[in-house]
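Down below is the structure, laid out as structure tokens.
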Amino acid sequence: MQSELIRNFCIIAHIDHGKSTLADRILEKTRTVAQRDMEQQILDNMELERERGITIKARAVRLNYTAKDGNTYVFNLIDTPGHVDFNYEVSRSLAACEGAILIVDASQGIEAQTLANTYLAIEHDLEVVPVVNKIDLPSAQPEKVCEEVENVIGIPAMDAPRISAKLGTNVEEVLERIVTDIPAPKADPEAPLKALIFDSYYDSYKGVIIYVRVKDGTVKVGDTIRLMATGSEFTVTEAGYMTTDQLVNTGTLTAGEVGYIAASIKSIGDTQVGDTVTLADNPCEEALPGYRKVNPMVFSGIYPADGAKYGDLREALEKLQLNDAALSFEPETSVALGFGFRCGFLGLLHMEIIQERLEREYNLDLITTAPSVIYKVTLTDGTVQYIDNPTNYPDPSTLSLAEEPMVKADILVPSEFVGNVMDLCQDRRGTFKDMQYLDDTRVTLKYELPLNEIVYDFFDALKSRTRGYASFDYELMGYAPSKLVKLDILLNGEIVDALSFIVHADKAYGRARKIAEKLKENIPRQLFEVPIQAAVGGKIIARETVKAMRKDVLAKCYGGDITRKKKLLEKQKEGKKRMRQLGTVEVPQEAFMSVLKLDE
Amino acid sequence: MTGLYIHVPFCAVKCPYCDFYSGPYRRETAQRYVEAVIRNLTAYRIGDTVDTVYFGGGTPSLLSTAQIGSILETAAPCLSGDAEITLECNPTGERGDYFRALRRIGVNRLSVGTQSFSDKLLRLIGRRHTAQQGIRCVEAAFAAGFENISCDLMLALPQQSSALLAETIGVLTHLPITHVSAYLLQVEEGTDLSQDAALLAQCPDEDTAAALYLQAVSALEAAGFAQYEVSSFARPGYESRHNLKYWHCEPYLGIGPGAHSCFAGRRFCVPRSLERFMAAPRQEEELLDSAPCDAQERLMLGLRLRYGVAEGALSDAAKRKLPPLLKAGYIERREDRIALTARGFAVSNAVIGMLLG
């Protein structure tokens with residue numbers, strides 16, 4: 001295929017600014033999908049993605065467009081994830097494109113996420129094509145938004161297409177801009193094969209399907225390919241392109257194209273996003289830049305509510321991992337919760353998604369422990385440890401230095417809420433770095449924050465303090481020394497390991513009190529009084545008591561009807577299954593979950 | 001020895017908290033109903049000696065003494081000479097003649113639905129009688145020759161204070177009665193009470209309800225009514241022989257719509273439909289349990305009695321759970337027996353659940 005007729009692009013937009021809707025319209029206009037087959041938001045085909053309105057996995061679709069210049073172009077639309085948790089995936093998807101359509105909501109303007117991804121696109125030398133969407137809204141201010149794009153991002157935007165993706169208005173103008181503004185790929189079909197992996201998923205018949213952008217060279221069925229990061233080699237069984245609902249095996253992919261390769265690859269661990277594919281017998285000299293192994297940043301214990309489902313949980317995690325190299329898990333045991341797994345995630349959203357998929361798609365009832373980041377501790381004997389499970393936190397007497405991961409955070413907020421956001425960041429131990437007015441009404445705030453302060457509920461807190469208007473983005477910046485302590489929770493005098501967590505010393509007291517209160521609310525009264533205590537290093541810093549129950553009786557004998565009593569006993573037994581027996585205390589699942597959300 | 005339970009599904013007015021099966025009283029229906037009872041009594045061919053009969057309801061005292069008499073006559077071939085024959089009645093109206101006639105046909109025990117001796121509380125829960133009528137009814141029954149009278153006492157009623165309860169128990173224990181059934185008001189799904197948010201809001205909370213229960217236990221005990229079951233109290237020798245059959249896993253046959261049986265090795269109940277009951281040559285049976293009275297069930301029922309169960313009957317797992325229960329005073333050990341205390345009874349669902357779980 002002539003690479004001059006190829007356009008590889010992605011769409012950058014904030015959640016709800018209309019990315020999926022525009023993608024749908026483009027597919028419609030290029031007749032890639034018939035109108036009657038249109039299911040709204042074709043690209044987001046995971047149930048969860050549709051519900052949350054976000055893209056989790058990258059995807060790519062080939063479409064044909066006959067432009068006003070008479071030529072028929074091949075468009076490769078690469079859909080990128082749109083959340084900070086998946087920043088690295090975003091960067092790899094961008095690296096597969098020459099251009100990006102930047103959608104800005106005509107009434108909302110630029111948001112932090114849009115900004116971050118746009119900068120990322122510019123960093124990757126992409127041609128950014130701004131598009132102002134939702135001009136049909138009464139509150140639309142397209143001129144103002146265009147001005148903002150010019151001022152804030154620094155790219156010309158006054159002639160940006162003003163569209164309504166919902167109504168289909170001016171979508172053709174966008175298609176023409178893709179042809180005229182986005183450059184054709186610069187590609188050398190004769191050079192040794194060099195293809196970028198930007199996503200992969202597991203297919204139970206074909207093995208791992210890798211999505212690639214061929215930078216140079218050609219790959220065809222029968223070739224032996226080498227994945228440069230891992231060095232593993234495979235024989236290509238299929239090569240071709242993707243439509244919205246199937247893979248089309250053309251047998252070959254050449255420089256400039258976007259498509260897929262199947263090569264009977266068993267493990268997704270072999271196909272790391274960002275890796276370079278080359279030919280075993282004619283390898284390129286060096287891999288494409290930018291590859292790095294994705295490391296989980298947030299960890300939590302995941303346990304089956306019913307201990308007997310441990311095997312099912314393992315199987316489900318293995319299946320999810322087939323499609324998600326960023327998910328890590330290893331077995332762990334808790335005195336309170338039994339057998340489970342310590343799982344690593346890219347961030348909180350990733351964690352929530354995995355939990356939700358486990359519960360929904362695999363029908364598992366789960367108990368999760370409070371998310372933890374990785375702490376770095378230096379012991380008195382000089383050894384350095386990385387702690388992802390509070391249970392393993394060393395005894396304070398052996399500790400010489402504790403460090404916690406820090407992030408650089410960008411928060412975009414209407415100026416009226418600046419005070420609220422600053423209070424929040426202050427409260428979360430943030431260090432103020434910078435503040436800039438984007439225009440009269442909007443401000444970008446830069447803070448350095450400890451990661452562990454944002455993994456719990458920072459985003460929720462931010463939203464509630466700004467009536468939902470703030471947007472937020474962060475990147476990891478390294479470790480900083482910190483005054484950390486391990487907070488233990490005791491029920492009836494016994495430490496419940498699953499409830500322990502690491503917290504900054506100044507925060508320990510407040511959090512201890514809140515947790516004790518939450519537990520009191522969520523542990524039902526039982527035959528014996530249940531003291532709830534929170535302790536740091538053996539010192540009790542908060543205490544609550546669940547009083548013993550006083551009344552639980554069916555008093556009357558209903559003319560010899562004992563079925564109710566029996567039913568009651570059965571119900572009790574059923575109820576106990578949802579309880580964890582810790583010594584003499586029965587703790588419902590909800591109690592474990594309640595401590596995860598303290599800010600309500 | 002078998003117990004016989006006759007469910008009389010008629011009421012002049014339905015009480016808002018009650019979920020027993022009953023409908024309005026009509027003379028012709030009542031007669032057809034009595035005939036159906038008699039038909040069933042014959043059809044079952046009880047075989048065993050019947051040593052207790054219990055007319056429950058509904059309101060059995062809506063039946064005429066002739067109707068009750070005809071039922072007892074049909075059962076007579078099986079009845080033991082000293083059978084305990086109980087009839088539930090509501091304390092409305094002066095019914096000396098009725099009581100005397102009941103005595104004549106062999107009824108020897110009355111269970112009177114007094115519930116409370118506070119007019120305010122009686123009105124609140126929709127009862128149609130006054131405290132005074134309750135007292136007169138019991139006195140009239142005693143005068144008519146009933147020596148074995150039981151009264152119902154409801155606890156945890158809306159607005160019921162400790163003082164009001166003390167007053168009621170004071171009246172109750174000075175009546176010529178031998179037995180008290182004291183039970184906590186239970187909000188049953190589908191009853192009028194369950195829809196009455198304003199009234200529900202006036203019900204005592206868990207802690208207060210428990211305190212009222214414990215107050216009743218000690219006041220009744222002090223007046224000579226010993227607690228022998230979660231909600232049953234009696235002067236020595238006057239425990240309800242019929243009700244004890246339930247807790248002792250002894251056979252009883254229930255006749256009438258909504259009646260329960262543990263009879264001929266099966267637990268079953270009769271559908272809650274008067275029409276179907278009267279139309280069928282023999283009442284329909286819904287099987288509940290084809291192998292009743294296993295060890296588990298005996299424990300569950302036995303633990304409702306003050307007499308308790310033999311410690312040896314408990315599983316090893318249950319025995320291991322005893323120490324904290326003993327220490328907390330929920331149960332006590334008497335020689336080789338284990339029994340719930342009054343405090344234990346108040347939380348008996350949890351205690352029994354723990355021991356059987």
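Predicted model only: the values in this text are computed from it and were never measured. Worth knowing before you read on, the calculation uses all heavy atoms, side chains too, and leaves out hydrogens, waters and symmetry mates. Throughout, a chain's letter reflects where its sequence line sits, starting with A, and its residues are numbered from 1.
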**OP:** State whether the number of non-hydrogen atoms from other residues, nucleotides or ligands found under 6.0 Å of K319(B) atom NZ is greater than 12.
**Re:** yes
Original post:
Is the number of heavy atoms from other residues, nucleotides or ligands under 6.0 Å of E494(A) CD greater than 12?
Top reply: no
**OP:** Of all the heavy-atom pairs spanning V553(A) and S348(B), show the shortest one and how long it is.
**Re:** CG2-OG, 3.4 Å
**OP:** Please test Q572(A) against I352(B) for side-chain contact (heavy atoms from CB on, under 4.5 Å), starting from the C-alpha separation and ending with a verdict.
**Re:** CA-CA 10 Å; Q572(A) 279 179 349; I352(B) 294 173; over 6 Å; no
Original post:
Does the pair K551(A)/D207(B) count as a salt bridge with the N-to-O cut at 4.0 Å?
Top reply: no
Original post:
Near Y307(B) OH, under 6.0 Å, is it more than 12 heavy atoms from other residues, nucleotides or ligands?
Top reply: no
Original post:
Should the heavy atoms of other residues, nucleotides or ligands under 6.0 Å from CZ of F339(A) be counted, would the total exceed 12?
Top reply: no
**OP:** Walk me through it: do E206(B) and D552(A) pass the test side-chain contact (heavy atoms from CB on, under 4.5 Å)?
**Re:** CA-CA 8 Å; E206(B) 180 187 330; D552(A) 181 16; over 6 Å; no
**OP:** Taking atom NZ of K245(B) as the centre, report whether more than 12 heavy atoms of other residues, nucleotides or ligands fall under 6.0 Å from it.
**Re:** yes
**OP:** Under 4.5 Å heavy-atom distance to chain A, tell me which part of P292(B) shows up: side chain, backbone, both or neither.
**Re:** neither
Original post:
Side chains of R550(A) and T208(B): does their closest heavy-atom pair fall under 4.5 Å?
Top reply: no
Subject >> Residue part contacting chain A, namely of L288(B), when any heavy atom lies under 4.5 Å >> reply: side chain
**OP:** Counting only heavy atoms closer than 4.5 Å, note whether K566(A) contacts chain B via side chain, backbone, both or neither.
**Re:** both
Original post:
Checking L527(A) against chain B: side chain, backbone, both or neither under 4.5 Å from a heavy atom?
Top reply: both
Subject >> K565(A) bridged to E297(B) by N-O distance under 4.0 Å >> reply: no
Subject >> Contacting region of R267(B) [heavy-atom separation from chain A under 4.5 Å] >> reply: side chain
**OP:** Measure distances from L214(B) to the heavy atoms of chain A and classify the residue's part below 4.5 Å as side chain, backbone, both or neither.
**Re:** side chain
**OP:** Could you tell me the separation between the SG atom of C249(B) and the CD1 atom of I562(A), rounded to the nearest 0.5 Å?
**Re:** 6.5 Å
Subject >> Reported OG1-to-CZ distance for the pair T563(A) and F268(B), which is rounded to 0.5 angstrom >> reply: 13.5 Å
Original post:
Run the side-chain contact (heavy atoms from CB on, under 4.5 Å) check on L325(B) and F528(A) step by step: do they pass?
Top reply: CA-CA 9 Å; L325(B) 293 169; F528(A) 308 102; 3.7 Å; yes
**OP:** For Y362(A), look at atom OH and say whether over 12 heavy atoms of other residues, nucleotides or ligands are found less than 6.0 Å away.
**Re:** yes
Original post:
Is the side chain of Y5(B) donor-acceptor paired with the backbone N or O of G560(A) at a distance under 3.5 Å, no angle test?
Top reply: no
Original post:
What are the two closest non-hydrogen atoms of D19(B) and R564(A), and how far apart are they?
Top reply: OD2-NH1, 4.0 Å
Original post:
What are the two closest heavy atoms between L356(B) and K573(A), and how far apart are they?
Top reply: O-CE, 4.0 Å
